[in-house]
Novice: 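There's a structure below that I have some questions on.
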Amino acid sequence: MKSEGYKSIFKTTALFGGVQVINILITVVRSKFIAVFLGPVGIGINALLNSSTGIIASLTNFGLSTSAVKNIAEANATGDEERIGKVVAVFRSWVWITGCLGFVVALLCAPLLSELSFGNNQYAVAFAIISITLLLSQVSAGQGVILRGMRKVKYMAQSSLLGSLIGLFTSVPLYYFFKNDGIVPAILISAITALLLTTFYARKVKVKKVAVPRAELFEEGKDMLRMGFMLSLSSLITMGTTYVLRIFISRWGSVADVGLYNAGFTMINTYVGLIFTALSADYYPRLAGVAHDAQKASKEINQQAEIGLLIMAPILCLFLVFVNLLIIILYSNKFLAVNDMVHWLALGMFLKASSWAVAFLILAKGDSKVFFWNELITNIYMLVFNFIGYYFWGLTGLGISFSVSYLAYLIQVAVLAKVKYGFSFKKEFLTIFFVQTALGICCFASSYLLSGLWYYVVGSVFLIISVVYSYVEIDKRIDTRQILKKLRFGRSKAVKQEGADE
């Protein structure tokens, strides 16, 4: 079962994942300070500011930060420096054009965004100030695409780590001294920092400078623009449904509930989502390179799905067992209201982790229309489920709707991939999926059926089983003991070398 494919996935995940672990620790500290200094209302304001400008970004950025990865990865695979330089030059031009468009639209719409988000124009100036971040973020994302398309994972990891560190040391003092008034400066500084870092690392990548006449910009860029336009529409719909949901919660419930909802999803999407980030760092460009070969693509997807679930499942079980303690550590006692919601979110993540690897195939194939309709249908029923969930069961209902939505989505993408591309999950993955999901359900059930010490004891037993099972299965694929021996040998060799130098 051991293969270079598994080793490549694990090597990339280990490199980027190691950085993500540090990022998680930084995010834990940052979230704790935000929770203490801002509280649920401050987090709600921050969420509404970001989601509102996010809608404008989705409308104007043409999805280039995703679509162009495929074009750059394909050009990089040819080894033709002239072709690589031309694709990068065209891409950079369109990044500036779309970034400026986003800035202007957000600036002009600032009063409207304030009225829609908060029911008054009190935040119009805040929206006007952060409108510049749409240009900064688009250019920054463009630099990141070059790193990703050229598969410079090390540079991506370093940029991400430094960005998190600088974000921590700049935002926390702002929240401490200015409370809610520090939210806008923190957003602005974060965007500037990301731009400076991605630009620094992108310049390390040697790309031949190629002059592209203005008349050729559209002709050369139409492929990434076509796919990007569909991605942009899809992203806009996703941001729009999230925005509508937050408005619904704030009107039907309260802004504090928006903050609690955002905090609960942040626990899962930030801490568990960082694993997705680590896994996908090299996955999309790698899959795009073999998407034309059904057999190779199927192998890539199954291997990625297996490793992803084996890494993620124990972390999800940890959340399911110790969610109460994690909420207090990451936030404060004020946020314990999201306890049940996070339980359901963690359970739903088993389903998301399984569907995630397959969904990338549509992007890698470049089927923009299929991708758009797939995401549109998904967002419609997700929003409906969220409305129903919150209306009847409050915050817990949002967690339930998340799990139900991703069950439907998993079935949807599995059937679509089978019918459209002839893809199907292999027996090895299905075995892992059912075993780890069953362990997750046992941890979930323990939280409702048991209490006190017994809950933690029984839940911990299932957690340990999940960890052991993942280790055994990963070892079958990459021989972890051999890797550890090599690391020990390398370390001892380095120590001996240092001694000889002395």
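Quick caveat: nothing in here was measured; it's all calculated off a predicted structure.
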Novice: Would you say that Ile247 contacts Leu116 through its side chain, given a criterion of any heavy-atom pair below 4.5 Å between the two side chains?
Specialist: no
Novice: Is there a side-chain contact between Thr60 and Thr98 in this structure, where contact means two heavy atoms from C-beta onward sitting under 4.5 Å apart?
Specialist: no
Novice: Identify the heavy atoms of Ala89 and Val212 that sit nearest to each other, and give their distance.
Specialist: CB-CG2, 3.9 Å
Novice: Please work out which of the three classes, parallel, tilted or perpendicular, describes the rings of Trp94 and Phe218, given edges at 30° and 60°.
Specialist: perpendicular
Novice: Please enumerate all residues that pass side chain to side chain donor-acceptor pair (under 3.5 Å) together with Thr241, with sequence neighbours excluded.
Specialist: Asn379
Novice: Please tell me if the side chains of Phe127 and Cys109 come closer than 4.5 Å, counting only heavy atoms from C-beta onward.
Specialist: no
Novice: Any idea which heavy atoms bring Ser298 and Lys426 closest together, and the distance?
Specialist: OG-CE, 3.9 Å
Novice: For Arg477 and Glu428, run side-chain contact (heavy atoms from CB on, under 4.5 Å): C-alpha distance rounded to whole Å, both residues' side-chain angles, the deciding distance at 0.1 Å, then the answer.
Specialist: CA-CA 11 Å; Arg477 289 159 174 77; Glu428 290 82 4; 4.0 Å; yes
Novice: Can you tell me how the ring of Tyr201 sits relative to the ring of Tyr155, calling it parallel under 30°, perpendicular over 60° and tilted otherwise?
Specialist: tilted
Novice: With side-chain contact (heavy atoms from CB on, under 4.5 Å) as the test, would you mind laying out the steps for Tyr261 and Leu245 before giving the verdict?
Specialist: CA-CA 10 Å; Tyr261 159 79; Leu245 177 60; 3.4 Å; yes
Novice: Heavy atoms only: give me the nearest Val95-Leu64 pair and the separation to one decimal.
Specialist: N-CD1, 4.2 Å
Novice: Any side-chain heavy atom of Met349 within less than 4.5 Å of one from Ile315?
Specialist: no
Novice: Will you find, in the side chains of Gln436 and Ser470, an N or O donor that is under 3.5 Å from an N or O acceptor?
Specialist: yes
Novice: Do Tyr123 and Leu48 come within less than 4.5 Å of each other through their side chains, counting heavy atoms only?
Specialist: no
Novice: Looking just at side-chain N and O atoms, do Ser159 and Thr198 make a donor-acceptor pair shorter than 3.5 Å?
Specialist: no
Novice: For Phe33, enumerate each residue passing the side chain to side chain contact (heavy atoms under 4.5 Å, CB included) test, keeping only those at least two apart in sequence or located in another chain.
Specialist: Val29, Phe37, Val172
Novice: Kindly indicate, with the supporting measurements, whether the criterion ring pair (Phe, Tyr, Trp, His ring centres under 6.0 Å) is fulfilled by Phe423 and Phe425.
Specialist: CA-CA 7 Å; Phe423 168 82; Phe425 284 118; 5.4 Å; yes
Novice: Give a yes or no on whether the ring-centroid distance for Phe433 and Phe350 is below 6.0 angstrom.
Specialist: no
Novice: Would you say the side-chain atoms of Tyr421 and Asp367 include a donor-acceptor pair closer than 3.5 Å?
Specialist: yes
Novice: Is there a ring pair (Phe, Tyr, Trp, His ring centres under 6.0 Å) between Tyr283 and Trp356 once you walk through the steps?
Specialist: CA-CA 11 Å; Tyr283 174 50; Trp356 165 84; 5.6 Å; yes
Novice: Are the side chains of Ser354 and Leu309 in touch, meaning some heavy atoms are under 4.5 Å apart?
Specialist: yes
Novice: Between Thr431 and Glu473, does a side-chain contact (heavy atoms from CB on, under 4.5 Å) hold up when you go through it step by step?
Specialist: CA-CA 11 Å; Thr431 301; Glu473 290 298 320; over 6 Å; no
Novice: Any non-hydrogen side-chain atom of Leu197 less than 4.5 Å from a side-chain atom of Gln143?
Specialist: no
Novice: Is the shortest heavy-atom distance from the side chain of Leu174 to the side chain of Ile189 under 4.5 Å?
Specialist: yes
Novice: Kindly give the heavy-atom pair with the smallest separation between Leu361 and Ala297, and that separation in Å.
Specialist: CD1-CB, 4.3 Å
Novice: Do the side chains of Glu82 and Lys86 get close enough for a salt bridge, i.e. N-O under 4.0 angstrom?
Specialist: no
Novice: Sequence neighbours left out, cut at 3.5 Å: what donor-acceptor pairs do the side chains of residues 412-419 make with other protein atoms?
Specialist:
residue : atom : partner : partner atom : Å
Gln412  : OE1  : Tyr381  : OH           : 3.0
Gln412  : NE2  : Asn374  : O            : 3.2
Gln412  : NE2  : Asn374  : OD1          : 2.5
Gln412  : NE2  : Thr378  : OG1          : 3.0

